[in-house]
Amino acid sequence: MAALLAGLAASLLLLAYVYGRSRQHLRILRRQQQALNGILWGTSAGSWEWNVKTDELHLNERWADMLGYTLEELAPVTIATWERLCHPEDLERARQALSTHIDGSAESYGVEIRLRHRDGRYLWIYSRGRVLARDPEGAPLLMAGIHIDIDARKEAETQARVIHERLTKLSARLPGTIYQFWRGVDGSMSFPYASEGMKEVYGITPEEANRDVNKVFAIIHRDDLASVSASIEVSTNTLTLWSEIFRVHHPAKGLCWIEGNAVPERLEDGSTMWHGYLRDITESHELQKERDVYRESLEKSNAELEHFAYAASHDLRQPLRMVTSYAGLLKRHLGDQLDADGQTMLHYMSDGAKRMDDMLLSLLEYSRIGRQGESFTEVALRETLDEALHFLAPAVVEASATIRIEGEWPRLRASHDEMTRLFQNLIGNALKYHAADTSVEVRIDCLRREEGVYITIADNGIGIDPNQIPRLFKVFQRLHGRDEFEGTGVGLALCRKIVERHQGRIWVTSAGKGTGSCFHVVLAEEVAA
C-alpha cells in the first residue's frame, strides 16, 4: 500500500511539474505572439499562413484591410482567393518565385506584385515568406509570411523614372554633358551622375567616369591639369562657382577645348558635390582665334587708314592755302588789267580751293571720331542736347525755328562731345533743309525701349526722295547742288560713325519731297568702350 501511495505521489508530482512547465511554455508563446502582433502592427504588415495540403489561407485583419475588405467578406479564404486578387501580369512571376523557394533554390520567398483593391485599382504589395514545415519526403506542409503595402514607394519610383527619362531626353539634346562631381574630405573623387554627352566631351561613357574618375583626369592636357586642380581646390574651400576652360586629348577627336561650369554644395558629411555642365568649345575657340587675328589685322588697317586720312587732310591744306593766297595776290597784282573772264577764273580758283579746304576739314573731323577720342563716361543725354542747341542758337534765330523737346532723357555711357556733335549735325540739317517760305518746326523726342534709348528728330523740311535714302550716310554724298544748300556731304556719315561707335543704329524715314523727314537713333545704354 505504501509503495502504491508513493508511486501515486510521484505521479502527481510529475503531473504538477509537467503542468507547470506547460503553463510556462504557454506564457512564453503568448508573449511571443504579442510581440509578433506588435511588430506586425508597427510595420502595418498583413500576415498569412498557407496550409499547402488543404490550400487554406489564414490571414490577419491588416491583410484584408490593406485591400479594402474585412476577413468575413473574403471568407472562405484559400490560395485561389489570392490568385483571383493578383494582377494577371504578376501571377506567373509570383508562382516562379514561390517554386524557386519551395525547391530549395532560394532561402525565402519574396516578390513585388499587384493585388486588386476593393475599389478596382491595383496596389503594389511586397509579399515575403518561407516554408515552416515539410513532410518526410520534403514536400511543403506549411508556409507563413507577410504582406507590406509598397504602393507609395512604387509611385515614387515611377515618378523618379519619368523624371529621369525626361532628364535623359533633354540632356541628350544638349551639345555637352550635365554632371555631378563629388569630392570627399579625404580627397577621393567620383562622378555620381553624368549624361550621355560625357562621351562627346571626354570620349568615355558615364559608367566609366563613375567607376574610375582618373580616366577623366588622365586625358586633361598636362599643361592645364594644374590649373584645373587648383580651381577645384579653390571652389572646394570657398564654395564659389567652378569655371574653367581647358584642353583634353579626346581619344577620337584629338585635342579639344572644353568649357566647364559647376555650382558646389557642401554635404552633411563635409564632402562637396558640384552640379555642373561641360561642353566642347573647340570650334568656337578656333573661330575666336581667327576673329582675334582678323580684328588685329582690321585694327591695324583702320589705324593706317585713319593715319592716312589725317595726314592727307592735314598736309593737303597747306598747298590749298598757297593756291588761295596766290590767287588773292594775283588779283591784287593785275588789278584793273583783269577782264571779266579773268575775274571769273580767279573766283572759281579761290572758291574751288575753299571748298576743297572745307572738305578736307570735314574729312579730318570724320577721321578723328573714335581715334584717341574722349573715353565713355556716364553722360546726361539732355545736357548734350542743350549744349548742341546752344551752339545752334544763331541758326535757330535765322530760320525762325520752333524746337519742341519731349520724352524722358536718361543718363547713359557715352562720349559727351560726340553726343553733342551728333545732335548738332542732325538738328543743323533740320534747320538748313527747308523751303524759304516756311516756318521751321523741329520735334525732338526720347524714350526707352527694349533695344535701348530711342531718339527721333523730325522736321517739316523739304523731305527726301525715298530712292535716295541709301546714299545719305556715305562720305561726300550730296542730294542737292551747292547753289541750293551749302555743305560737304560728310555730316551724316559722321553721325553714322558716332552712333555705331556707341553700338547703336541710325536711319531716316521720309514720304518724299515736301513732306519733311525724321531721323531715328537707337543707342545702347551700356556700351563696352
Looking at [Y] and [X], is there a salt bridge between them, counting it only when a charged N and a carboxylate O are closer than 4.0 Å?
X	Y	answer
R153	E157	yes
D292	R295	yes
D386	R382	yes
R421	E418	no

Would you say [X] and [Y] make side-chain contact, with heavy atoms under 4.5 Å?
X	Y	answer
E259	S284	no
R449	V522	no
R279	Y277	yes
V213	F181	yes
Y193	I178	yes

Any luck finding a side-chain donor-acceptor pair between [X] and [Y] under 3.5 Å?
X	Y	value
T384	T420	no
T456	H520	no
T377	H416	no

**Residue pair N425, L492: steps toward the side chain to side chain contact (heavy atoms under 4.5 Å, CB included) verdict** = CA-CA 7 Å; N425 282 357; L492 289 179; over 6 Å; no
What distance do [X] atom [atom1] and [Y] atom [atom2] have between them, rounded to the nearest 0.5 Å?
X	Y	atom1	atom2	answer
R211	S190	CZ	OG	13.0 Å
L422	D417	CG	CG	12.5 Å
L381	I455	CG	CD1	4.5 Å
I150	Y126	CD1	OH	9.0 Å
M143	N51	CE	CG	12.0 Å
N261	L241	CG	CG	5.5 Å

Identify the heavy atoms of [X] and [Y] that sit nearest to each other, and give their distance.
X	Y	result
R62	A45	CG-O, 3.3 Å
R501	S415	NH1-CB, 4.0 Å
G176	E200	N-OE1, 3.9 Å
R404	E406	NE-OE2, 3.1 Å
V508	S517	CG2-CB, 4.3 Å
L74	A64	CD1-CB, 3.7 Å

**Prompt:** Looking at L426, I457, I498, which hits side chain to side chain contact (heavy atoms under 4.5 Å, CB included) with V521?
**Reply:**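 Among L426, I457, I498, the one meeting side chain to side chain contact (heavy atoms under 4.5 Å, CB included) with V521 is L426.
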**Prompt:** Between T282, V201, I219, which is the residue that forms a side chain to side chain contact (heavy atoms under 4.5 Å, CB included) with C256?
**Reply:** T282
More than 12 non-hydrogen atoms from neighbouring residues, nucleotides or ligands closer than 6.0 Å to [atom1] on [X], yes or no?
X	atom1	value
R116	CZ	yes
E107	CD	no
E73	CD	yes
K154	NZ	yes

Side chain of [X], backbone of [Y]: donor and acceptor closer than 3.5 Å?
X	Y	answer
N210	F191	yes
D90	R114	yes
D65	G68	no
D55	T78	no

**Message:** Taking salt bridge (charged side-chain N to carboxylate O under 4.0 Å, His left out) as the cut-off, I'd like each qualifying pair that reaches into residues 212-226, sequence neighbours left out, listed once.
**Reply:**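 Sorted result for residues 212-226: E208-K215, D224-R247.
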**Prompt:** Quick one: salt bridge (charged side-chain N to carboxylate O under 4.0 Å, His left out) pairs with a partner in residues 75-84, sequence neighbours left out?
**Reply:**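 Qualifying pairs: E83-R95.
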**Message:** Please enumerate all residues that pass side-chain contact (heavy atoms from CB on, under 4.5 Å) together with E500, with sequence neighbours excluded.
**Reply:** R496
**Test side-chain contact (heavy atoms from CB on, under 4.5 Å) applied to H285 - qualifying residues, sequence neighbours left out** =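 Applying side-chain contact (heavy atoms from CB on, under 4.5 Å) to H285 gives W257, K289.
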**Message:** Would you call the rings of F376 and H502 parallel, tilted or perpendicular, taking 30° and 60° as the class edges?
**Reply:** parallel
**Message:** Using side chain to side chain contact (heavy atoms under 4.5 Å, CB included), reason through V216 and Y179 one step at a time and then give a plain yes or no.
**Reply:** CA-CA 13 Å; V216 172; Y179 70 97; over 6 Å; no
**Request:** Quick one: which residue pairs count as a side chain to side chain donor-acceptor pair (under 3.5 Å) with a foot in residues 229-241, not counting sequence neighbours?
**Result:** R183-E233, R183-T236, S231-W242, S235-W274, T238-T240
**Request:** Can you tell me which residue pairs pass the ring pair (Phe, Tyr, Trp, His ring centres under 6.0 Å) test with a partner in residues 198-229, sequence neighbours excluded?
**Result:** H221-H249
**CA sep, side-chain torsions, deciding dist, call: H101, V131, side chain to side chain contact (heavy atoms under 4.5 Å, CB included)** = CA-CA 8 Å; H101 170 56; V131 174; 3.6 Å; yes
